[in-house]
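Everything on this sheet refers to the single structure shown next.
Residue numbers count from 1 along this sequence.
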Amino acid sequence: PEDDELKIYLAEIEIEDGNELEALDLLHTIDSSSETYPQALLVQADYYHLNGLPEVSIQKLVEAESILADEPVIKFALAEVYFTMADYQNAIKKYEQLNEEGIEEVSGTIISARLGSCYLMIGDYTEAIVLLEDALSYKDDAEVFYQLGIVHVQKEDYDKAIEPLEKAVELDPSLTGAYILLSDVYENQSKLEQALEEIENGIQYNEIYIELYFKAAELASKLNEFGKAESYYQEAIEIEPGNDRAVVKYAEYLTYMEDS
């Protein structure tokens, strides 16, 4: 076993150094009867997952789980791979197993937050809200607040969406999607000045994302701030000179202004 532990240690070093084939060769020399065999499978699973082979990663994890059925780290690893594959039903099964065992957090990830994300993705918004709010009872998290805002928008509960979205950008000012969604909510409520303000706040933290400039230009135009609208279109083109969509949008805007 000590030799096998050394092999795993050396394999991890080889992976870090970019010598993946050498690492896999070392891991494959560990016999399935060894106490360290499940650990070797986990290292392989992690390698395959990170290198875009999630199906192989799952095979390794399922084999490891067959040996250590009660090991929460393996259940969590399986759930995470399913989650990144957008296989939310299988991810839910694994996360739920951890929940039922009273495991609330693994490797800094709140299980109810992941479950909430899964239910959001499959369209079960009521369950998603319960789980995301439960996750926030453990700690504030910008991404969880953002997802909670998304759920409320999907349910067309726009008033309820505002608070979590504002909290999301307060905790993480670089969360561009939250600014856009918050702006959409205010626009839906005909609060165009606030909608534009949120987009401009987003631009402060992400000056190269041209979708923000398109949105800002459209809102400025609706507010009859035509000089500001033109300026945003021009800035978008300066950021991405080869972006045909930016050029077309600006041309359409100029045509609209000439015809008005």
Item to complete: Please report the closest heavy-atom contact between Ala246 and Asn243, naming both atoms and the distance.
Response: N-OD1, 3.0 Å
Worksheet item: Are Glu156 and Asn188 close enough that some pair of their side-chain heavy atoms sits under 4.5 Å apart?
Response: no
Worksheet item: Do we see a donor-acceptor contact under 3.5 Å between the side chains of Tyr95 and Glu80?
Response: yes
Discussion item. Using the rule given for side chain to side chain contact (heavy atoms under 4.5 Å, CB included), can you reason through Tyr186 versus Leu192, listing the C-alpha separation, both sets of side-chain angles and the distance that settles it, and then say yes or no?
Written reply: CA-CA 7 Å; Tyr186 283 131; Leu192 298 182; over 6 Å; no
Discussion item. Regarding Ser107 and Thr109, do their side chains bring together a donor and an acceptor under 3.5 Å, going by distance alone?
Written reply: no
Fill in: Single-linkage hydrophobic cluster Val185~Tyr146, side-chain heavy atoms < 4.5 angstrom
yes
Fill in: Any donor-acceptor N/O pair, Asn51 side chain to Tyr47 backbone, under 3.5 Å
yes
Worksheet, complete the sentence: Correct closest heavy-atom pair for Glu207 and Tyr213 would be O-OH, 2.8 Å
Practice prompt. Just do the side chain to side chain contact (heavy atoms under 4.5 Å, CB included) check on Ile162 and Gln189 with the steps written out, would you?
Written response: CA-CA 11 Å; Ile162 292 173; Gln189 297 178 327; 3.6 Å; yes
Item to complete: State whether the number of non-hydrogen atoms from other residues, nucleotides or ligands found under 6.0 Å of Glu71 atom CD is greater than 12.
Response: yes
Worksheet item: What distance separates Leu26 CG from Asp4 CG, expressed to the nearest 0.5 Å?
Response: 10.5 Å
Practice prompt. Determine whether the side chains of Tyr232 and Glu200 contain a donor N or O and an acceptor N or O closer than 3.5 Å.
Written response: yes
Fill in: Leu50-Val56 co-clustered via ILVMFWY side chain contacts under 4.5 Å
no
Item to complete: Output yes when Glu170 and Lys167 qualify as a salt bridge under the 4.0 Å nitrogen-oxygen rule, no when they do not.
Response: yes
Discussion item. Is there a side chain to side chain contact (heavy atoms under 4.5 Å, CB included) between Tyr88 and Tyr82? Walk through the geometry before answering.
Written reply: CA-CA 7 Å; Tyr88 300 113; Tyr82 285 130; over 6 Å; no
Practice prompt. Tell me, please, which residues at least two apart from Asp25 pass side-chain hydrogen bond (donor to acceptor under 3.5 Å, both in side chains).
Written response: none
Worksheet entry | Heavy-atom pair with the smallest gap, counting every atom of Ile67 and Tyr37 | CD1-CD2, 3.7 Å
Worksheet item: At their closest point, which heavy atom of Ala142 faces which heavy atom of Leu175, and how far apart are they?
Response: O-CD2, 3.9 Å
Worksheet item: Should the pair Tyr205 and Tyr179 be assigned to parallel (<30°), tilted (30 to 60°) or perpendicular (>60°) ring geometry?
Response: parallel
Discussion item. Would a single hydrophobic cluster contain both Ile237 and Tyr209, if residues Ile, Leu, Val, Met, Phe, Trp and Tyr are joined by side-chain heavy-atom contacts under 4.5 Å?
Written reply: yes
Practice prompt. Go through Ile30 and Gln39 one step at a time and tell me if the side chain to side chain contact (heavy atoms under 4.5 Å, CB included) criterion holds.
Written response: CA-CA 10 Å; Ile30 298 174; Gln39 187 182 351; over 6 Å; no
Fill in: Ile92 vs Ile122 side-chain heavy atoms within contact, under 4.5 Å
yes
Discussion item. Tell me whether Arg245 is salt-bridged to Glu252, with the criterion being a basic N under 4.0 Å from an acidic carboxylate O.
Written reply: no
Discussion item. Applying a strict under-4.5 Å side-chain criterion to I, L, V, M, F, W and Y, I'd like to know whether Ile180 and Ile150 cluster together.
Written reply: no
Worksheet item: How are the rings of Tyr250 and Tyr253 set to each other: parallel, tilted or perpendicular (split at 30° and 60°)?
Response: parallel
Practice prompt. May I ask you to check whether Glu104 and Tyr138 show a side-chain donor-acceptor distance below 3.5 Å?
Written response: yes
Worksheet item: In chain order, what residues pass the ring pair (Phe, Tyr, Trp, His ring centres under 6.0 Å) check against Phe76, with sequence neighbours excluded?
Response: none
Discussion item. Can you tell me how far apart CG (Leu6) and OG1 (Thr36) are? Round to the nearest 0.5 Å.
Written reply: 10.5 Å
Worksheet entry | Minimum heavy-atom distance Ala11-Ala23, with the two atoms named | O-CB, 3.3 Å
Worksheet item: With a 4.5 Å heavy-atom cut-off, do Val43 and Ile15 have their side chains touching?
Response: yes
Item to complete: Give the minimum heavy-atom separation between Ser183 and Leu219, together with the two atoms involved.
Response: OG-CD1, 3.5 Å
Worksheet entry | Between CD1 on residue Ile111 and CD on residue Glu105, distance to nearest 0.5 Å | 8.5 Å
Worksheet item: Counting only heavy atoms not in Asp17, do more than 12 fall under 6.0 Å of its CG?
Response: yes
